[in-house]
Amino acid sequence: MNADVVVVGAGQAAAQLCLSLRAGAFRDRLLMIGAERYAPYQRPPLSKKFLTERRPPETLLLRAESLWRDQGVELLLGTSVATLDLKRHTLTAVDAQGHAQELTYGTLVLATGTRARALTAPGATLGGLFSLRSIDDVHRLRPALDAARHIVIVGGGYIGLEVAAIMRGEGRAVTVLEAEDRLLKRVTGVDVSAFFESLHRERGVDIRLGARLAAVVGEGSVTGVRLADGTRVAADVVLLAIGAQANDDLGRSAGLACRDGILVDTLARASVPGVYAIGDCTRFPSGRFGRELRLESVQNAIDQAKAAASAILGAPRPYDPVPWFWSDQYEIKLQMAGLSDGYDGAEVVGDRAAPRFSVEYRSRGKLIAVDAVNDARAHMTARRRIAEECASPAAGEPARPA
């Protein structure tokens, strides 16, 4: 089989790329390969409404499946890519039954996303241990949660805290184990961390900071966890929310430059001509923030896919975003713009008790990020202000990653 553009991956980035190519009058053969059996769908609701409202999978679809047919986008679902030959422009696709076929491409786009970081501690193969990255993960997790009285969540980031909020809303006992000295440390400052710690403690979540997991314990199925200090915590279900790693294995094995993600330039071009990479699996240079970024967000998936489509269509538009993210916990909406790591000053604006406030982060006097709690206006204004104060420098032709 031959296709002019083959997209490996069937998530938000892959979907946007195909839609943008068609909108740009690309009429050649377009093939999307997805390891899951579902057409492209939204992932953020997996740890939010989809987990608690028990909706059917089709409610998460980004577009009706008929749209892909109408757009002339061929879907190869339930199919993984086993090998990739960049010199011959071929790949080997293997379906769920193990049947393999060789495909030839003109342009290749890798949109392989991320996978849950694996647990290496003893007990990692016990029943009752879950991660949350896909619809099928929810289908496995939800029945176990229904039968559980005490849930241990390993990781105090977005997913861990969102699930903790849902479980407390259902009246279940929840313990959150966070190895760092505060919640959300990787993504926010001390004020917002303290706010969410207080919020969860007030709702009855047992939060343990500086808690390092030594082992998951049980016989056949989990009965609890053991911490590095010897403490044991009982559990019927253990959810791992310890972050994600880029699915860059395919690109790396084929010879693409990778470093915790497939390295691309501001046009989403990988280190080999004719190959692009988009979304969570990539690491790209940001002139705006003066370093390489690997972002896991809907915004990045959509906008980087648009940049790649523009480059493929011959009308390149360099990509250097102001990132933004969000999280829903109880009745609280956290909206984040920019990147706060490396800040040297933080100012709280608004009323934390309301709660409706934001925290502005600066580095050398320049606004680099704003975290807004229940304040959509502050968030939208922040995106504009950060874009102005952290302007992307003018650049010539982007250099390919070495």
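Throughout, numbering of the chain's residues begins at 1 and tracks the sequence.
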Discussion item. Check this for me: does any side-chain nitrogen of one of Glu296 and Arg294 sit under 4.0 Å from a carboxylate oxygen of the other?
Written reply: yes
Discussion item. Rounded at 0.5 Å granularity, tell me how far CE in Met32 sits from CD in Gln71.
Written reply: 10.5 Å
Practice prompt. For Gly155 and Val176, work out which heavy atoms get closest and say how close.
Written response: O-CG1, 3.9 Å
Worksheet entry | Six-ring centre of Trp324, Arg383 cation under 6.0 angstrom, axis tolerance 45° | yes
Worksheet item: Rounded to the nearest 0.5 Å, how far does CG of Leu161 lie from CD1 of Ile166?
Response: 11.5 Å
Worksheet item: Who pairs with Arg400 by side chain to side chain donor-acceptor pair (under 3.5 Å), at least two apart in sequence or on another chain?
Response: none
Worksheet entry | Contact list for residues 14-36, test salt bridge (Lys or Arg N to Asp or Glu O under 4.0 Å), sequence neighbours left out | Arg29-Glu74, Glu36-Arg43
Discussion item. Under the salt bridge (Lys or Arg N to Asp or Glu O under 4.0 Å) definition, can you give me all pairs with a residue in residues 275-290, not counting sequence neighbours?
Written reply: Asp260-Arg283
Worksheet entry | Exercise: identify the closest heavy-atom pair between Gly261 and Ala246 | CA-CB, 3.7 Å
Worksheet item: Hey, does the side chain of Ser193 reach the backbone of Gly189 with a donor-acceptor pair shorter than 3.5 angstrom?
Response: yes
Discussion item. Counting C-beta onward and ignoring hydrogens, is there a side-chain heavy-atom pair between Val237 and Leu145 closer than 4.5 Å?
Written reply: yes
Worksheet item: Which residues satisfy the ring pair (Phe, Tyr, Trp, His ring centres under 6.0 Å) test with Phe195, sequence neighbours excluded?
Response: Phe357
Worksheet item: Is a donor on one side and an acceptor on the other found under 3.5 Å between the side chain of Ser297 and the backbone of Phe325?
Response: no
Discussion item. Run the salt bridge (Lys or Arg N to Asp or Glu O under 4.0 Å) test against Arg201 and tell me which residues pass, sequence neighbours left out.
Written reply: Glu197
Practice prompt. Could you check Glu162 against Ser327 for side-chain hydrogen bond (donor to acceptor under 3.5 Å, both in side chains), going step by step and ending with a plain yes or no?
Written response: CA-CA 7 Å; Glu162 287 170 1; Ser327 178; 2.7 Å; yes
Worksheet item: Is a side-chain N or O of Lys48 found less than 3.5 angstrom from the main chain of Pro44, in a donor-acceptor match?
Response: yes
Discussion item. If you define the side chain from C-beta out and look only at heavy atoms, does anything of Arg63 sit under 4.5 Å from Pro40?
Written reply: no
Worksheet item: Does the distance from a Lys or Arg side-chain N to an Asp or Glu carboxylate O, for Arg362 and Glu389, drop under 4.0 Å?
Response: no
Discussion item. Between Gln97 and His99 (side chain of the first, backbone of the second, donor and acceptor by atom type, cut-off under 3.5 Å), is there such a pair?
Written reply: no
Worksheet item: Donor-acceptor pair, Ser358 side chain versus Asp371 backbone, under 3.5 Å?
Response: no
Worksheet entry | Full working for side-chain hydrogen bond (donor to acceptor under 3.5 Å, both in side chains) between Asp4 and Tyr105 | CA-CA 5 Å; Asp4 297 281; Tyr105 63 84; over 6 Å; no
Practice prompt. Could you tell me whether a side-chain N or O of Gln304 sits under 3.5 Å from a main-chain N or O of Ile278, the two making a donor and an acceptor?
Written response: no
Item to complete: For a side-chain contact (heavy atoms from CB on, under 4.5 Å) with Val275, tell me which candidate from Val109, Leu86, Thr107 qualifies.
Response: Leu86
Discussion item. Does anything in residues 250-259 form a salt bridge (Lys or Arg N to Asp or Glu O under 4.0 Å)? List the pairs, not counting sequence neighbours.
Written reply: Asp248-Arg252, Arg259-Glu292
Worksheet item: Rounded to the nearest 0.5 Å, how far apart are OG of Ser131 and CG of Leu240?
Response: 6.5 Å
Worksheet, complete the sentence: Closest heavy-atom pair, Ala378 versus Ala372, reported as atoms and distance to 0.1 Å, is CB-CB, 4.3 Å
Practice prompt. Please list, chain by chain and in numerical order, all residues satisfying ring pair (Phe, Tyr, Trp, His ring centres under 6.0 Å) with Phe50, sequence neighbours excluded.
Written response: none
Worksheet item: Hey, are the side chains of Leu227 and Arg212 touching, using non-hydrogen atoms and a 4.5 Å cut-off?
Response: no
Item to complete: State which residues pass side chain to side chain donor-acceptor pair (under 3.5 Å) with Gln16; sequence neighbours excluded, sorted by chain then number.
Response: Ser20
Discussion item. Would the distance check show the side chain of Thr59 and the main-chain N or O of Pro56 forming a donor-acceptor pair, the cut-off being under 3.5 Å?
Written reply: yes
Item to complete: Give a yes or no on whether Arg142 atom CZ has more than 12 heavy-atom contacts from other residues, nucleotides or ligands under 6.0 Å away.
Response: yes
Worksheet item: Once you round to the nearest 0.5 Å, how far does OG1 of Thr282 lie from CG of Asn247?
Response: 12.0 Å
Practice prompt. List in chain and number order the residues that pass side chain to side chain donor-acceptor pair (under 3.5 Å) with Glu53, two or more places apart in sequence or in another chain; answer none if no residue qualifies.
Written response: Arg55
Discussion item. Using the ring pair (Phe, Tyr, Trp, His ring centres under 6.0 Å) criterion, which residues pair with Tyr361? Sequence neighbours excluded.
Written reply: Tyr343
Practice prompt. Apply side-chain hydrogen bond (donor to acceptor under 3.5 Å, both in side chains) to Glu102 and Thr104, showing your working.
Written response: CA-CA 7 Å; Glu102 185 175 86; Thr104 301; 5.0 Å; no
Discussion item. Among residues at least two apart in sequence or on other chains, which ones pass ring pair (Phe, Tyr, Trp, His ring centres under 6.0 Å) with Tyr330?
Written reply: His200
Item to complete: Dump the intermediate steps for salt bridge (charged side-chain N to carboxylate O under 4.0 Å, His left out) on Asp265 and Arg269, then the final yes or no.
Response: CA-CA 5 Å; Asp265 63 13; Arg269 300 180 303 181; 2.7 Å; yes
Worksheet item: Going from CD1 on Ile135 to OH on Tyr38, what distance comes out if it is rounded to the nearest 0.5 angstrom?
Response: 5.5 Å
Discussion item. Taking atom CZ as the centre, does Arg54 end up with more than 12 heavy-atom neighbours from other residues, nucleotides or ligands that are less than 6.0 angstrom away?
Written reply: yes
Discussion item. Holding to side chain to side chain donor-acceptor pair (under 3.5 Å), I want the full list of residues that pass it with Arg226, two or more places apart in sequence or in another chain.
Written reply: none
Practice prompt. Check the pair Thr231 / Asp229 against side-chain hydrogen bond (donor to acceptor under 3.5 Å, both in side chains), numbers first and verdict last.
Written response: CA-CA 6 Å; Thr231 302; Asp229 64 3; 2.8 Å; yes
Worksheet item: Any idea which heavy atoms bring Gly128 and Ser221 closest together, and the distance?
Response: N-OG, 4.1 Å
Worksheet item: More than 12 foreign heavy atoms under 6.0 Å from NZ of Lys49: is that the case here?
Response: no
Fill in: Verdict with reasoning, Asp375 to Arg356, per salt bridge (charged side-chain N to carboxylate O under 4.0 Å, His left out)
CA-CA 6 Å; Asp375 194 340; Arg356 187 173 183 270; 3.4 Å; yes
Worksheet item: Does Thr79 offer a backbone N or O that forms a donor-acceptor pair with the side chain of Asp95 under 3.5 Å?
Response: no
Item to complete: Please name the residue in the list Lys185, Arg291, Arg186 that meets the side-chain contact (heavy atoms from CB on, under 4.5 Å) test with Asp341.
Response: Arg291
Worksheet entry | Heavy-atom neighbours of Glu331 CD exceed 12 at 6.0 Å | yes
Worksheet item: Are any side-chain N or O atoms of Asp320 and backbone N or O atoms of Ser286, one a donor and one an acceptor, separated by less than 3.5 Å?
Response: no
Worksheet entry | Euclidean distance, Tyr158 OH relative to Ser47 OG, rounded to 0.5 Å | 11.5 Å
Discussion item. I'd like to know if Arg168 and Glu170 make a salt bridge, using a cut-off of under 4.0 Å between side-chain N and carboxylate O.
Written reply: no
